[in-house]
Amino acid sequence: MKPPMSTSMNPTFPFAAIVGQDQLKLALMLCAVNPALGGVLIRGDKGTAKSTAARGLVQLLPPLARVPGCPFNCLPGIPLAICSVCTAHASAAAEPLVFSAVPFINLPLGATEDRVLGSLDFERALANGKKAFQPGLLAAAHRGMLYIDEVNLLADHLVDALLDVAAMGHHTVEREGLTLSHPAQITLLGTMNLEEGELRPQLLDRFAMMVEVGAPAEPQVRAEVVRRRLAFEADPNAFAAVWERDSEVLRTQVVDARARLPEVALSDALQLFISELCCEFGATSLRADIVLNKAARTHAALAGRNRVDTTDIAACAELVLPHRRRRKPFEQTGLDRSKLEQMIDAARQDHEGGDAGSDETAAKPPASNDQASPQRSGQGEQAGQQDLGEPGDAPTANREQSAQADTASDGTPQDDFPAADPEHTEQAAALPEQVFNAGSAIDAPTLRLSGGTGDGIEGRRSTAQHTTRGAYRDAVATATPKHLAIDATLRHAVLRTPGELNVTRADLHEKVRIGQQANLILLVVDASGSMAARRRMEAVKACVLGLLEDAYRRRDQVGVIAFRGERAELVLAPTRNVELANRALDALPTGGRTPLADALQLTLRTALTTSRAEQLKPLVVLLSDGRGNVALDSALDTPSAAPEHAADAWQQSLQSGAQLAERRIAALVLDTEQGVIRLGRAAQLAQAMQAEYLPLDRWSADTLAITIRERLN
């Protein structure tokens with residue numbers, strides 16, 4: 001029996017009509033054959049058929065048998081104790097079972113906790129005064145699919161709930177006076193665009209497979225995509241009818257593979273080889289071994305075979321391992337395909353007698369449109385380190401000159417320009433621009449920070465009360481609740497009039513939600529000529545790299561402001577994609593004067609604008625020696641390097657810093673000044689900003705990184 005076709009009110013593009021995207025279609029077909037795999041994460045740019053493929057998969061699945069009206073999608077004959085519909089159906093002659101399409105539940109990003117997890121049934125509670133459970137989306141998705149578009153933007157408290165459900169297959173409810181559990185065996189389908197930031201590593205590991213998709217680069221293929229899409233939009237039903245025969249072939253293939261799957265055998269030798277693959281490619285989770293075993297058996301069943309061979313393992317390794325081998329925030333995902341092929345060939349010789357793969361050569365898994373190149377797939381850590389900083393590396397001659405300038409005639413390191421010598425400061429500004437590579441950031445002890453808010457900084461994210469989204473923790477009485485706390489309202493009404501239920505406005509309570517407050521980290525980097533002295537820009541970039549890694553782990557937004565020459569520049573607007581921040585910093589040139597006052601003004605504007613628009617807690621990290629020498633022209637409100645304005649530059653910097661303190665913006669000043677004679681201006685500026693001050697006399701690109709753990713109450 002095939003699932004009902006989509007109606008014209010809610011048309012679905014046929015899965016069989018999708019052009020290309022062979023690897024994506026393979027991953028989805030594997031989930032269709034074996035729902036126990038756990039799902040697929042689809043990453044790619046906008047308009048690459050991510051959602052179209054995910055929604056079209058339902059057409060290939062055989063319909064489910066269910067009891068009419070069951071809110072939990074219980075297995076027929078095995079009703080839940082809390083499901084009154086199935087209990088009544090099992091105990092009496094009731095309506096026959098119905099066959100319906102597999103549930104495909106869309107989880108909106110703005111969904112409330114009640115809608116997703118379930119809550120107290122308000123209508124039944126008012127009708128008979130008894131507590132009853134209203135199932136949520138997790139219950140509705142049981143034995144089906146839960147689809148999340150832009151899953152990387154899902155609220156943390158909902159992600160926490162999905163982690164347990166995806167791993168355990170059931171959902172436990174402990175809320176609003178209710179304690180119960182119901183099955184939630186779901187296939188998790190998620191899509192995301194890397195421009196919006198990464199996915200939490202815990203949830204990333206719950207996806208059995210991950211596929212990178214991209215738009216086809218061949219004009220003929222793109223033209224065919226457009227033709228099919230326009231034909232579908234013109235008449236969805238007629239278009240689906242044209243592709244019905246191809247869809248039926250895929251449905252038959254799925255049904256046959258499901259029947260064959262329990263009989264598929266995996267030899268002990270190949271099972272050991274799977275674990276060898278996981279170890280060789282650095283999979284940190286044992287879930288990689290388990291999923292790769294299941295996926296290889298499923299792939300063999302889909303291919304019509306009863307035994308797993310190396311072809312199955314090779315095809316599934318590219319889906320299961322890439323997102324589990326990533327160890328560093330800025331390391332590219334992907335597999336070294338040449339290395340994988342070598343291991344597969346060796347395994348074929350060892351386990352299949354050398355000639356067992358003769359038929360497999362023609363049946364190799366289809367190539368993806370966006371296979372990672374060797375450079376992107378990470379051929380060892382050395383290759384990744386060599387890539388760091390390639391855009392715009394300084395010429396060899398400049399690097400040698402800089403290295404010579406760092407050493408005096410007696411071989412001891414010295415500052416290129418004494419701090420207190422204005423002429424040498426001008427000389428530094430006149431140096432040609434250079435681009436310094438960042439050193440490797442390493443872990444370091446937690447830095448406790450107190451800024452304009454007076455709060456200590458530690459922990460993962462700030463905790464905020466009375467948020468619109470978050471975990472329900474308490475209730476307060478109010479006559480005009482925005483989010484009604486049903487349990488507290490009913491409880492108050494019953495206690496007020498025992499024996500009867502009479503709810504009045506005086507009984508109303510509002511939910512108090514505890515959410516996670518995201519942070520905005522603004523990295524304000526001094527890129528003037530003085531930063532070239534003793535190549536201290538290398539240490540600055542190494543420190544910022546450590547800050548970016550910390551922001552990556554906490555999913556904070558990061559913005560980069562650089563100041564050099566005549567004015568400051570927002571090098572990277574606030575974003576959750578810290579890899580963009582890393583690339584922007586990596587190519588940042590060093591040289592010119594120091595427009596410190598303009599940088600602080602730009603920082604203030606950016607912090608206020610972004611924090612208000614997106615409700616973020618701002619934190620400013622300033623890396624500078626404080627030698628501002630470009631004043632703001634008050635008449636034009638623009639930076640000016642004119643000699644008559646030079647005396648104003650420092651005072652304007654202090655005033656701008658004080659404005660940040662007045663706005664209660666937390667800040668950290670990292671003093672990059674070095675040498676025997678120092679002005680100490682960074683410390684003065686930190687005092688004006690009411691910021692934490694840290695002199696970094698012993699900076700080393702190989703031994704220093706700073707980790708900020710923030711909690712702004």
Side-chain angles (χ1 to χ4, degrees), residues 195-197 449 451-453 457 461-462 517-528 540-541 543-545 547-548 550-552 554-588 592 594-624 626 628 630-633 636-639 649 652-670 682 685-686 688-692 708 710 712:
E195 293 179 356
E196 297 292 340
L449 171 64
T453 60
I457 290 188
R461 273 192 177 183
S462 307
Q517 175 68 64
N519 303 310
L520 168 64
I521 311 296
L522 283 178
L523 304 174
V524 187
V525 182
D526 186 346
S528 62
V540 169
K541 289 187 176 183
C543 178
V544 175
L545 181 61
L547 296 175
L548 289 177
D550 187 74
Y552 166 83
R554 284 156 181 75
R555 300 305 180 265
D556 291 325
Q557 286 204 26
V558 177
V560 179
I561 294 175
F563 56 102
R564 47 184 285 275
E566 301 303 321
R567 65 182 312 114
E569 177 186 3
L570 183 61
V571 176
L572 182 71
T575 176
R576 286 187 173 86
N577 190 342
V578 296
E579 294 187 11
L580 294 178
N582 182 45
R583 290 198 292 268
L585 182 76
D586 195 50
L588 180 66
T594 312
L596 178 58
D598 186 51
L600 295 175
Q601 287 294 320
L602 178 58
T603 300
L604 178 61
R605 294 194 300 269
T606 305
L608 293 178
T609 301
T610 307
S611 60
R612 287 172 181 170
E614 303 193 29
Q615 298 182 345
L616 303 173
K617 285 284 186 180
L619 171 66
V620 174
V621 181
L622 173 65
L623 300 97
S624 175
V630 179
L632 291 171
D633 189 333
L636 301 177
D637 194 26
T638 57
Q652 289 178 352
S653 299
L654 293 177
Q655 293 171 4
S656 299
Q659 291 177 8
L660 287 169
E662 291 173 0
R663 298 285 185 169
R664 302 179 63 83
I665 296 176
L668 167 68
V669 176
L670 303 180
L685 183 59
M689 298 171 62
Q690 298 182 20
E692 185 80 5
I708 292 182
E710 184 175 9
L712 296 177

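If you read the sequence from its start, that first residue is 1, and numbering goes on from there. A quick note: this is a predicted structure, and the numbers were derived from the prediction, not measured.
- One distance of note links CD of Q690 with CD of E662; it measures 9.0 Å at 0.5 Å rounding.
- For the side-chain contact (heavy atoms from CB on, under 4.5 Å) test, residues two or more places apart in sequence or in another chain that qualify with A562 are V571, L588.
- A661 and A688 make their closest contact through CB-O, 3.7 Å (heavy atoms, listed as atom of the first residue, atom of the second, distance).
- Residues G628 and A649 approach most closely at O-CB, 3.8 Å, considering heavy atoms.
- Judged as a side-chain hydrogen bond (donor to acceptor under 3.5 Å, both in side chains), and not counting sequence neighbours, E569 has no contacts.
- Using a distance-only test at 3.5 Å, with no hydrogens or angles considered, no donor-acceptor pair links the side chain of Q652 to the main chain of A597.
- Once rounded to the nearest 0.5 Å, the distance linking CG of L522 with CD1 of I665 reads 8.5 Å.
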Go through the steps to decide whether L685 and L654 satisfy the test side chain to side chain contact (heavy atoms under 4.5 Å, CB included), and finish with yes or no. CA-CA 6 Å; L685 183 59; L654 293 177; 4.3 Å; yes
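- Annotation: side chain of D598 is not in contact with side chain of V630 (no heavy-atom distance under 4.5 Å).
- For the side-chain hydrogen bond (donor to acceptor under 3.5 Å, both in side chains) test, no residue two or more places apart in sequence or in another chain qualifies with Q655.
- Summarising the geometry of G565 relative to P595, their closest heavy-atom pair is O-CD, 3.6 Å, with the distance given to 0.1 Å.
- Annotation: the span from L520 atom CG to T606 atom OG1 amounts to 8.5 Å, rounded to 0.5 Å.
- Taking both residues in full, the closest heavy atoms of A568 and A599 are given as CB-CA, 3.4 Å, listed atom of the first, atom of the second, then distance.
- With respect to S624, the side-chain contact (heavy atoms from CB on, under 4.5 Å) criterion is satisfied by exactly one of V525, D526, L600, L670: D526.
- Once rounded to the nearest 0.5 Å, the distance linking CG of L608 with CD of Q659 reads 10.0 Å.
- Atom CZ of F563 sits about 5.5 Å away from atom CG of L622, to the nearest 0.5 Å.
- When the side-chain hydrogen bond (donor to acceptor under 3.5 Å, both in side chains) test is applied to S656, the partners found at least two apart in sequence or on another chain are Q601.
- Across all their heavy atoms, A667 and M689 have their closest contact at CB-CE, 3.7 Å.
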